[in-house]
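Step one of this worksheet: look at the structure below.
Note that the coordinates shown come from a computational prediction; the quantities given were computed from them, not determined experimentally. Residue numbers start from 1 in every chain, and the chains themselves are labelled A, B, ... in the order their sequence lines are given, proteins ahead of strands.
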2 protein chains.
Amino acid sequence: MQVPQRDAAETPIELADHRQLRADAQRNRRRILEAAEEVFGRDGISAPVDLVAERAGVGVGTLYRHFPTKEALFEAIVLDKLDDLIAAADADVEKGDATEAFFDFLLRMAEEVTLKHDLFDALAAAGIDFKSRCVDRAQYLKQSLDRLRQRAVDAGGVRDDVTMEQVMGLVMGACSFERSGVSDDVARRLVGVVCDGLRTGRSTHQSSNGA
Amino acid sequence: MQVPQRDAAETPIELADHRQLRADAQRNRRRILEAAEEVFGRDGISAPVDLVAERAGVGVGTLYRHFPTKEALFEAIVLDKLDDLIAAADADVEKGDATEAFFDFLLRMAEEVTLKHDLFDALAAAGIDFKSRCVDRAQYLKQSLDRLRQRAVDAGGVRDDVTMEQVMGLVMGACSFERSGVSDDVARRLVGVVCDGLRTGRSTHQSSNGA
DNA sequence: CACTATACGGAACGATCGTTCCGTTTGTCA
DNA sequence: TGACAAACGGAACGATCGTTCCGTATAGTG
């Protein structure tokens with residue numbers, strides 16, 4: 001499984017036929033991306049496009065000249081971040097203590113997700129149908145993370161009856177609570193609770209059920 | 001702390017001046033409530049009002065004659081259910097094993113919430129500002145639940161560094177994951193994980209942090 | 001049966017939001 | 001500097017959704 005490469009942003013933007021964007025167009029494009037980063041980071045994908053345009057000091061028309069769709073703009077903001085997460089997960093698979101590596105990563109992910117609501121929405125969309133490329137990326141991330149999980153399970157540190165998808169659900173859930181309140185390090189603690197619950201040898205609660 | 005009493009639904013509806021609603025009005029009112037129960041239960045409060053009216057075989061105008069606002073209709077559906085939960089929590093405070101009583105209740109709550117999305121939305125709204133009476137009710141529930149929690153903490157079964165609000169966040173989070181998928185007993189398992197994480201003597205993860 | 005207060009239905013309104021369209025402005029290049 | 005393609009701005013469109021309004025239907029009553 002390979003993560004498809006994306007053009008590594010920035011630097012003068014080239015058109016398909018080797019010509020460059022006009023100077024004002026390049027400047028506006030960057031402004032729009034910065035504004036989107038800020039606005040979507042704060043309010044998530046539910047923020048109105050007009051707000052991004054206003055923040056960028058640009059008309060909506062201009063925004064749509066650069067990005068064919070709100071979703072495309074959102075992706076432009078978020079795909080790189082997702083790739084970074086995937087890379088980090090893949091790197092952690094080398095780490096010593098498999099169990100703690102897994103939990104550390106969950107914690108780190110939770111922190112970024114609480115800080116940047118666009119990331120949250122991108123990962124939360126993974127469950128939904130959606131046509132976005134963010135969903136694909138979220139799937140990759142899930143697979144990378146699942147390697148961490150499996151290693152932790154093999155090492156005997158993590159229970160094996162909870163799928164990676166379910167773990168993501170728990171972590172996202174812990175973070176979604178955080179989203180509406182006066183943020184602090186609450187998310188950290190809640191994810192800590194989730195991690196403790198994922199450890200082996202603690203299931204005194206009934207785990208089987210009738211029907 | 002007392003839970004304010006609500007008129008116990010059903011039976012011929014009386015107007016303020018001791019006169020009764022017309023027969024067709026009573027029939028429609030009931031139909032609307034049934035439809036709302038079904039529609040809001042399936043899609044949560046985000047379901048359009050028109051859908052409820054259609055399901056009830058009634059015009060929107062009629063719906064609004066009976067309930068001044070969508071929110072009022074939603075409340076009419078959900079407040080009783082919330083009161084039932086509160087009563088159940090208050091009853092469980094008598095139970096023998098404080099810790100298991102607490103966890104059992106969380107599990108039961110999770111089951112109802114995954115089954116009925118209107119309940120989920122009502123409880124999820126508790127964090128938000130909102131003006132709804134559902135929020136008040138959710139607060140009552142939280143207080144009742146906190147008594148269960150405190151008892152479990154005192155009994156030494158549950159960690160004391162997580163507030164009831166945070167526990168609710170975790171449980172809601174575990175359930176919100178469930179909402180989009182092919183439902184099974186996943187919620188049960190996830191809440192089980194959360195409960196295990198809430199038990200004492202398991203925090204090998206760092207719990208303090210700088211700043 | 002006739003009469004009227006009561007209730008009904010659904011078209012229409014207003015707000016929000018994504019997206020499109022087009023008249024105007026501006027960067028670029030000869 | 002003049003001309004034109006490129007880009008801009010923002011009004012306007014269409015869809016969704018909560019809510020209102022008013023002409024019509026009907027239950028209740030004598």
Between [options], which nucleotide gets closest to the side-chain atoms of [X]?
| X | options | result |
| --- | --- | --- |
| Lys70(B) | dA7(D), dG18(C), dG18(D) | dG18(D) |
| Ala23(A) | dG18(C), dA7(D), dT28(C) | dT28(C) |
| Val60(B) | dG18(C), dG10(C), dG27(C) | dG10(C) |
| Tyr64(B) | dT19(D), dA6(D), dA7(C) | dT19(D) |
| Val49(A) | dC8(D), dT19(D), dG18(C) | dG18(C) |
| Thr62(B) | dC8(C), dA11(C), dA7(D) | dC8(C) |
| Arg65(A) | dT19(D), dA7(D), dA27(D) | dA7(D) |
| Val58(B) | dG9(C), dT6(C), dC17(D) | dG9(C) |

Next item on the list: Evaluate whether atom CZ of Arg55(B) has more than 12 neighbouring non-hydrogen atoms of other residues, nucleotides or ligands under 6.0 angstrom away.
Entry: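 Result for CZ/Arg55(B): open.
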
Margin query: Taking donor-acceptor contacts at under 3.5 Å, does the side chain of Arg22(A) reach the base of dA6(D)?
Written below: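 Flag set: donor-acceptor pair detected.
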
Checklist line | Distance in angstrom units between Asp50(A) CG and dT16(C) C1', rounded | finding: 9 Å

Checklist line | Nearest-Å distance for atom pair CG/C1', residues Asp43(B) and dT16(D) | finding: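 Atom-to-atom, Asp43(B) to dT16(D), this comes out as 15 Å.
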
Next item on the list: Using atom types as modelled and distance alone, determine if a side-chain donor or acceptor of Arg151(B) lies under 3.5 Å from a backbone N or O of Val93(B).
Entry: yes

Note to self: Which is more 5' along DNA chain D, the nucleotide nearest Gly61(A) or the one nearest Pro68(B)? Just name the residue.
What the structure shows: Gly61(A)

